[in-house]
Student: 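Below you'll find the structure I mean.
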Amino acid sequence: MVYGLMIHSVDSSQTLHFSIFYTPEGNDGHKKTRQQTIMRRILEEHLFQTHSGEQAGLTKSKASSSLDDADWLFRFASAGHGWAAGERRGRRGRRGASLPHFCAAGRIGSWPARCACALDSKSSAQPGLDYTEGILRLQASVLFEYPKLVVWKQVDKVVYTLVCEPLDNPLLASNFLTLFVHELNDHFRKGGGVIEEVASRPDEVLTILNFLLPGGQLLFINFNMYIGGP
């Protein structure tokens, strides 16, 4: 069973739109402090990823012309002498060099085609796209009796955060958040903004959670199973 779920702003550690905790500790007198601590950590990670992505994009744009020419010449000269292997090595190098240094969550399957955030989870901070994600580990403290694993996704300035126990599967957690974000956007698309709808209709959010995260239990479910549900 997961520890809790939060929907909050990425711009402030004070703006919380929705939360639910599944344990007595999560609902004790330190609840507000605990929420703000989690939001603050995610805000720091988001800013780090965004800054790293901007720096990587700037560096890449300055050297793109000379590097592209050199890469083309290398691949042309390698024809007939292990070109395929060289290209694979080169591609891996280019991808690795452009990624910021942070821990990104894995992903099961792909985002639904109609979801605006159909992105590669390996590139958690992408210049020009308002999307970041990650995994945090919170050590045991006065707020948490045991360490916690925090899986989060940020889409359009809104962060969807799942606080998990150390033994919970982070891939299932990431997959749940993918489906959850899609369902919220699909369910509330006829109303106003998603955040306004979430804040004014929390009972409907709880109904969605009862299907996707019953009693706080992560499910083995993919998009095909999800759309075929009741």
Student: Hydrophobic clusters here meaning ILVMFWY residues chained together by side-chain heavy-atom distances under 4.5 Å, can you tell me if L206 and I208 are in one?
Tutor: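 Linked, L206 and I208 end up in one cluster.
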Student: According to a hydrophobic-cluster definition based on side-chain heavy atoms being under 4.5 Å apart (Ile, Leu, Val, Met, Phe, Trp, Tyr only), do L143 and Y146 belong together?
Tutor: no
Student: Under a plain distance cut-off of 3.5 Å, with no hydrogens placed, do S13 and Q36 share a side-chain donor-acceptor pair?
Tutor: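 Looking only at side-chain atoms, S13 and Q36 do not form any donor-acceptor pair under 3.5 Å.
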Student: If you measure from CD1 on I7 to OG1 on T161, what distance do you get to the nearest 0.5 Å?
Tutor: 9.0 Å
Student: Report yes if the side chains of K148 and E165 come closer than 4.5 Å at any heavy-atom pair, otherwise no.
Tutor: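 Sidechains of E165 and K148: in contact.
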Student: Look up atom CG in L209 and atom CG in L184, then write down how far apart they are to the nearest 0.5 Å.
Tutor: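 It is 7.5 Å, given to the nearest 0.5 Å.
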Student: Find out if a path of hydrophobic residues (ILVMFWY) with successive side-chain heavy-atom gaps under 4.5 Å connects L136 to L47.
Tutor: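 No.
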Student: Measure from the side-chain N and O atoms of Q49 to the backbone N and O of E133, and report whether any donor-acceptor pair falls under 3.5 Å.
Tutor: yes
Student: What I'd like to find out is whether the side chain of M6 reaches to under 4.5 Å of the side chain of W152, using heavy atoms alone.
Tutor: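 No, too far: nothing below the 4.5 Å cut-off.
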Student: Evaluate the side-chain proximity of T23 to M1: yes if any heavy-atom separation is below 4.5 Å, no if none is.
Tutor: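 Touching, per the 4.5 Å side-chain cut-off.
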Student: I want to check something: taking the side chain as every heavy atom from C-beta on, are Y3 and V150 in contact at a cut-off of under 4.5 Å?
Tutor: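 Side chain of Y3 against side chain of V150, heavy atoms only: no contact under 4.5 Å found.
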Student: Check A173 against V151 and note the closest heavy-atom contact, atom names and distance.
Tutor: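 The pair with the smallest heavy-atom distance is CB-CG2, 3.9 Å.
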Student: Would R34 and T37 count as a side-chain contact (heavy atoms from CB on, under 4.5 Å) if you check the C-alpha gap in whole Å, the side-chain angles of each, and the deciding distance to 0.1 Å?
Tutor: CA-CA 5 Å; R34 188 177 293 110; T37 299; 5.7 Å; no
Student: Apply the side-chain contact (heavy atoms from CB on, under 4.5 Å) test between V194 and each candidate in N185, V155, D186, D156; give the one that qualifies.
Tutor: N185
Student: Within the structure provided, determine whether F176 and V2 are in side-chain contact (heavy-atom separation under 4.5 Å).
Tutor: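 The answer is no, as the side chains (C-beta and beyond) never meet within the 4.5 Å cut-off.
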Student: Assess the residue pair L5 and F180 against the criterion (side-chain contact (heavy atoms from CB on, under 4.5 Å)); give the C-alpha distance rounded to whole Å, side-chain angles, the decisive distance to 0.1 Å, and a yes or no.
Tutor: CA-CA 11 Å; L5 172 78; F180 183 59; 3.9 Å; yes
Student: To the closest 0.5 Å, what do you measure between NZ (K157) and CD1 (I195)?
Tutor: 13.0 Å
Student: Do L162 and Y160 come within less than 4.5 Å of each other through their side chains, counting heavy atoms only?
Tutor: no
Student: Apply the test side-chain contact (heavy atoms from CB on, under 4.5 Å) to residues S174 and K153: give CA-CA distance (whole Å), side-chain angles for both, the deciding distance (0.1 Å), then the verdict.
Tutor: CA-CA 8 Å; S174 179; K153 294 178 183 288; 3.1 Å; yes
Student: Flag the pair D203 / R201 as yes when at least one side-chain heavy-atom distance between them is below 4.5 Å, and no otherwise.
Tutor: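 Counting from C-beta outward, D203 and R201 do come under 4.5 Å.
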Student: Would you list the pairs meeting salt bridge (Lys or Arg N to Asp or Glu O under 4.0 Å) in which at least one residue belongs to residues 2-18, sequence neighbours left out?
Tutor: none
Student: So how far is it from T33 OG1 to I38 CD1, rounded to the nearest 0.5 Å?
Tutor: 11.0 Å
Student: For residues H17 and T15, report the shortest heavy-atom separation together with the two atoms involved.
Tutor: CE1-CG2, 3.6 Å
Student: Can you measure from CG (L43) to CZ (R41) and round to the nearest 0.5 angstrom?
Tutor: 11.5 Å
Student: Can you see which heavy atom on P170 is nearest to which on L149, and at what distance?
Tutor: CB-CD2, 4.0 Å
Student: When you compare the side chain of H8 with that of I42, does any pair of heavy atoms fall below 4.5 Å?
Tutor: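 Answer yes - side chains close enough.
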Student: Please report the interatomic distance NE2(H46) to OG1(T132), rounded to the nearest 0.5 Å.
Tutor: 5.0 Å
